Amino acid sequence: MDILATLNPAQRKAVEAVKGPILILAGPGSGKTKVITHRVAYLVKLCGVSPHNIMAVTFTNKAAREMRERLEQLLRQAAEALSLGTFHSIGARILRREGKAIGLDSSFVIYDEDDQLRLMKQVLEELNLDPKQYAPRALRSAIGAAKSRLISPEGYAPRVSNYFEEIVHRVYQHYQQLLSRSRAVDFDDLLMKTVQLFQDHPQILNRYQSRYVHILVDEFQDTNIVQYMLMKQLTGKHRNLCVVGDPDQSIYSWRFADLRNILSFEKDYPEAKVVFLEQNYRSTKTILKVASDVISANIQRKPKELWTENEDGTPVTIIKSYSAEEEAQSVVSEIEKLTIHEQLSFKDCAVMYRVNAQSRALEETFLRYGVPYKLIGGTRFYQRREIKDVIAYLKLIHNPHDNVSLTRIINVPARGIGPRTLSQLQSWAKAHDTSLFEALKQVSHPYSVGTKQSLPPRIVQTLAGFDALISELTAQSHKLSLSDLVNEILKHTGYREYILDKEGGEEKWENIMELRSVAGEYDELDPEEALAAFLEKVSLVSDIDELDEKADAVTLITLHQAKGLEFPAVFIVGLEEGILPHRKSFDDPEQMEEERRLCYVGITRAKKRLYLLRSYRRSLFGGSTANPPSRFLKDISPNLISPRDLWEETPTSVASRNFNLDSQSSPQPLNTLTLKVGDHVCHNKFGPGIVMNCNPTKDDQELTVAFEQAGVKKLLASLAPLEKIEKDFDFSA
């Protein structure tokens, strides 16, 4: 295979510039993943660089997975030697191997967001701070901000300038103490501790600098200070740092991403080459022009001229509605048209919004009309209670000092260990500066260590039983495959009976069986290695990693989560002042620029069809407001907008219009069929069914239909693609 044959001139230039630092400014849809993977293949096949000496870093497991799959096609077996993964997974690997140098046990567990909040609540309780006055999430965010800037608890003290920061300092110190006692780290520690490791132990850093001759970083505009420092440390010897990014897609300042990293790259690396990737392979010419109109008002950027050889495409459709509910109906109506008249599937469509709360009206409408959807950012699989319980057992087996996991499952299923007993254990552990599991051992076997008996015999016996259970499962973990270990946990804890006895137990049990299937993927590894690898994987999984791209359902997703994805048809709802741009950005020019970048990211997810929607009234944030149209809509050239959408309005004229009859904002009648109870029908997605109920509405019918395969659905006759049929179906089969 000729590695350069399929590249355009700019991509080829980016691949061939292998010496020294290089900044690749890649517009959306310009093939940056292709450039990264072909650059790695070029280094290995044409430049003779060993895969062992190359590191490629990105931000999501999904992106890393896609990168690895492409590299396996280009390099075959040689791809296995590459160091490839997210920043956090790379940091975790280094700390597993080298962490002892800074006092970090190699069996450390990684606390996810839920674990961190549980620990934060314990911190507040032990410091006698009111969680209503000092929100755990706000404190966790403040600590995350400090860690992203490489500020330790000790380094935070001189920066305290007000009472809240004094509280943050106290909480930060105690939070780290409890993490250490549990032999745990949070996400931010994975990076901060790696940088500290290299700072404190130059000989270790030298080994990694010598190994990694070439380092490539994707989505560089999303890096924070600690990530930037880590890459600067690792490339200190060879300076072969290739960064790929786009300042116009920097939308994560709330995660402490620092736009200056990419804007100032040439100052930090004066010898750096700069390559622009401006040819877009994703979108139509019209969509690119709309995106350019919106983003060109920003100042903090490196201007690019995006272009494409794709068709002009259809004009962008702007839909105005009176309410969020009517807006959602418009989305459903347009999606039905696309599936019928343009042969798109539901999975080809995505609805994007600024804040999660906007999904409510959309979900209700999708359910009402029987349109399948998948909500990204809802209750994720690994965040479901039953899954968290089983994983907590696995974490405790792997690391008995994990206090958060122990408190989660010490009485799950119920075994008579109540809050009072747990509180006594926590007090004992705190007094003796040890973990809860060690305290449990001491208290449940007092005479063997000479400690005073302080609990009733029944409780001591129960604690001893729990100690024996975990000890036995820990022993089993050294010899059983991971899936068999899960089986042993379920068997010896009685968790199956416990979960099936709850509402929705069958579905919860199916989730656990799915978890067992995932565990089975690690069965070929050494048992101890398998458990550590599995726990690391589930701790670092993110919302977007769980996106099922095969399911034929409309994607409902926030604009922040949508970066890196693409869809034939994109609907962006809520284009109003106060929503997009968000009201918090009104007094901050930098935040307003980020809101504009967020809109730009949403627009450039679209391949063929783009819909921009706004509502005159919206119930959100605890009240109902009338919002003017987003300033971003006014930036779009009129010639790019569908002619039927070009009408000016004032709040008075909008309020006086009959929106229920407005052809631009209400669902268009797709079916004038009149049905009655007992009629047999066929739906183009749900198949054959029978009408169970008919409720007449204004100029329409709300139907309840029992489908042979899809179950009972509520549909509007005007929207649902139903056909009346004469054939009888046997629903009892």
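FYI, the numbering just counts along the sequence from 1. Everything quoted here is computed from the prediction, not taken from an experiment. All values below come from the heavy atoms of this structure, side chains included, with hydrogens, waters and symmetry mates left out.
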Hey, is the main chain of [Y] close enough, under 3.5 Å, to the side chain of [X] for a donor-acceptor pair?
{"X": "Arg39", "Y": "Ala17", "result": "yes"}
{"X": "Asp293", "Y": "Ser637", "result": "yes"}
{"X": "Asp189", "Y": "Asp186", "result": "yes"}
{"X": "Asn280", "Y": "Pro28", "result": "yes"}
{"X": "Arg301", "Y": "Ser296", "result": "no"}
{"X": "Thr86", "Y": "Ser89", "result": "yes"}

Sequence neighbours excluded, the answer for side chain to side chain donor-acceptor pair (under 3.5 Å) partners of His169 is none
With Ser141, which residues qualify under side chain to side chain donor-acceptor pair (under 3.5 Å), at least two apart? none
Does Tyr353 have any ring-ring contact (aromatic ring centres under 6.0 Å, His included) partners at least two apart in sequence or in another chain, and if so, which? none
Can you list the residues that meet the ring-ring contact (aromatic ring centres under 6.0 Å, His included) rule with Phe571, with sequence neighbours excluded? Tyr611
Looking only at side-chain N and O atoms, does [Y] offer a donor or acceptor that is under 3.5 Å from a partner on [X]?
{"X": "Ser323", "Y": "Glu326", "result": "no"}
{"X": "Asp246", "Y": "Gln249", "result": "yes"}
{"X": "Asn298", "Y": "Tyr600", "result": "no"}
{"X": "Gln221", "Y": "Glu219", "result": "yes"}

Report the C-alpha distance between Lys62 and Leu565 in whole Å, list the side-chain angles of each, state the deciding distance to 0.1 Å, and finish with yes or no for side chain to side chain contact (heavy atoms under 4.5 Å, CB included). CA-CA 10 Å; Lys62 181 179 182 294; Leu565 304 178; 3.7 Å; yes
Which of Val274, Ile22, Leu25, Leu241 passes side-chain contact (heavy atoms from CB on, under 4.5 Å) with Phe265? Answer is Leu241
Salt bridge (Lys or Arg N to Asp or Glu O under 4.0 Å) with Arg354: which residues, sequence neighbours excluded? Glu595
The criterion is salt bridge (Lys or Arg N to Asp or Glu O under 4.0 Å); which residues satisfy it with Asp188, sequence neighbours excluded? none
Evaluate the side chain to side chain contact (heavy atoms under 4.5 Å, CB included) criterion for residues Tyr373 and Leu362: first the C-alpha distance (whole Å), next the side-chain angles of each, then the deciding distance (0.1 Å), finally the verdict. CA-CA 10 Å; Tyr373 71 91; Leu362 292 163; over 6 Å; no
Do Pro629 and Lys320 make a side-chain contact, defined as non-hydrogen atoms from C-beta onward lying under 4.5 Å apart? no
Check whether any side-chain heavy atom of Tyr175 sits under 4.5 Å from a side-chain heavy atom of Leu139, and report yes or no. no
Begin with the C-alpha distance, continue with both residues' side-chain angles, and end with the deciding distance and a verdict on side chain to side chain contact (heavy atoms under 4.5 Å, CB included) for Leu288 and Trp307. CA-CA 7 Å; Leu288 287 187; Trp307 62 278; 5.7 Å; no
Rounded distance [0.5 Å steps], CG in Leu612 versus CG in Leu575: 5.5 Å
To the nearest 0.5 Å, tell me how far Asp115 CG sits from Glu113 CD. 10.0 Å
